[in-house]
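Scroll down for the structure; my scribbles are underneath it.
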Amino acid sequence: MARRRRPRGGAPLAARTHRLHPVAMPELPEVETTRRGLAPHLVERRVAGVVLRRPDLRWPIPPEVVDCLPGQRIVDVRRRAKYLLLDTRAGSALLHLGMSGSLRVLPASVPAGPHDHVDLVLPAGRVLRFNDPRRFGCLLWQPAGQVHPLLRALGPEPLSEDFDGDYLHARSRGRSAPVKAFLMDQRVVVGVGNIYTAEALFAAGVSPLRAAGRVSRERYGRLADAIKGILRHAIARGGTTLRDFLSPDGAPGYFEQELSAYGRGGQPCTHCARPLKQAWLAQRATVWCGHCQR
DNA sequence: CGTATTCCCTGCACGC
DNA sequence: TGCGTGCAGGGAATAC
């Protein structure tokens with residue numbers, strides 16, 4: 001039963017023979033795409049009931065979801081970081097898709113399948129169905145006028161004006177953690193996960209291993225611009241690939257062939273053709289070009 | 001405080 | 001073809 005210890009530190013691993021598959025992991029663009037797809041079907045609708053098929057996802061689903069939500073009218077569907085908030089007068093249902101979660105609006109007559117953990121019953125014979133095989137997601141409750149503890153310490157939204165190179169530069173002084181870990185810290189900036197961090201570092205020419213405090217203001221400017229550009233592109237892409245807005249099932253913002261770094265360890269760099277390096281950093285697979293990223 | 005590590009969970013790729 | 005193993009990931013919790 002010995003749990004194998006993953007290789008740690010910056011030591012590059014041998015190139016993998018198998019491919020990493022960027023499946024529909026909900027990163028910020030996927031959550032935003034889901035929000036846009038769902039909003040027209042939820043706003044101004046009244047929740048008629050809640051069907052819990054499993055009492056817990058990542059955490060137990062609090063009784064307020066069952067006790068307070070039914071009868072409430074959804075007045076807005078918002079996103080904060082990778083959380084979706086279904087606002088009502090009584091409070092907000094707080095949803096996180098984790099790694100494998102998806103939300104769909106379906107006719108209530110569609111039988112629930114495996115991992116269909118929760119339905120919010122909507123008017124006109126429809127339900128909002130939450131499916132999450134790995135159960136890293138959550139459904140929580142935020143009373144009106146309060147901010148849920150999970151949302152209190154979050155950093156700025158990456159697409160907001162509060163987020164730019166100067167902000168990153170100021171926040172990173174004295175930090176010895178690798179810049180990749182720094183960028184993935186939700187207290188620094190929200191919603192920038194493993195895929196998009198790897199792509200932004202590649203685009204900006206910054207090594208993921210470099211200490212966050214040792215990245216210049218100018219390079220942080222390039223990083224912030226890269227993060228914004230990549231996220232905007234992925235959101236736009238999500239909007240175009242989401243054919244059936246009744247089923248916002250996490251259409252990936254990126255197609256595999258658009259990725260320059262993520263999942264391409266050992267393959268040639270798209271700039272210099274040298275093989276991309278891969279290592280474990282902050283408990284995540286990290287791919288970068290040792291020549292183009294410094 | 002910052003940093004590093006562990007853990008939660010299941011589907012799938014892979015090797016035998 | 002079937003079975004066992006390892007790995008993917010967000011991010012909270014924990015340890016230092």
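Keep in mind that this is a model prediction, so the values were computed, not measured. In what follows, every heavy atom counts, from backbone to side chain, and hydrogens, waters and symmetry copies are set aside.
As rounded to whole Å, 15 Å separates atom C1' of B:dA4 from atom CH2 of A:Trp280. Atom CG in A:Leu57 sits roughly 12 Å away from atom C1' in B:dC8 (whole-Å rounding). Rounded to a whole Å, the CG atom of A:Leu281 is 17 Å from the P atom of C:dC7. Whole-Å rounding puts the A:Ile195 CD1 to C:dA8 P distance at 12 Å. Between the CG atom of A:Asp132 and the C1' atom of C:dG10 there is a distance of 11 Å, given to the nearest Å. Distance A:Gln186 CD to C:dA13 P: 14 Å, rounded to the nearest Å. In this structure, CG of A:Asp185 is placed 15 Å from P of C:dA13, rounded to the nearest angstrom. When the P atom of B:dT10 is taken as reference, atom CZ of A:Arg58 falls 14 Å away, rounded to whole Å.
Side-chain atoms of A:Arg175 lie closest to B:dG2 of the nucleotides B:dG2, C:dA8, B:dC9. The side chain of A:Tyr83 lies closest to C:dA12, out of C:dA12, C:dA8, B:dC8. Each of B:dC9, B:dT3, C:dG10 was ranked by its minimum atom distance to the side chain of A:Ala177; first place goes to B:dT3. Closest to the side chain of A:Ser176, from the set B:dT3, C:dG11, C:dG10, is B:dT3. Residue A:Pro178 has its side chain nearest to B:dA4 when only B:dA4, C:dG10, B:dT10 are considered. With B:dG11, C:dG10, B:dC9 as the choices, the nucleotide that has an atom nearest any side-chain atom of A:Arg135 turns out to be B:dC9.
A:Glu258 and A:His233 are linked by a side-chain donor-acceptor pair at a separation below 3.5 angstrom, with hydrogens and angles left out of the test.
Side chains of A:His291 and A:Cys272 form a contact here, defined as non-hydrogen atoms less than 4.5 Å apart.
Here A:Arg284 reaches the OP1 or OP2 of C:dG10: one of its side-chain N or O atoms lies under 4.0 Å away. Close to B:dG11, at under 4.0 Å from its OP1 or OP2, lies a side-chain N or O of A:His115. For the pair A:His96 and C:dG10, the criterion of a side-chain N or O lying under 4.0 Å from OP1 or OP2 is not met.
Under the 4.0 Å criterion applied to side-chain N and carboxylate O atoms, A:Arg175 and A:Asp185 are assigned as salt-bridge partners. The pair A:Arg135-A:Asp56 counts as a salt bridge, with a side-chain nitrogen and a carboxylate oxygen less than 4.0 angstrom apart.
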Between A:Glu30 and A:Lys82, does a salt bridge (charged side-chain N to carboxylate O under 4.0 Å, His left out) hold up when you go through it step by step? CA-CA 9 Å; A:Glu30 287 73 38; A:Lys82 295 180 186 171; over 6 Å; no
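Using a 4.0 Å heavy-atom distance criterion, A:Phe182 is classed as making no nucleic acid contact. Counting non-hydrogen atoms under 4.0 angstrom, A:Leu97 reaches nothing in the nucleic acid.
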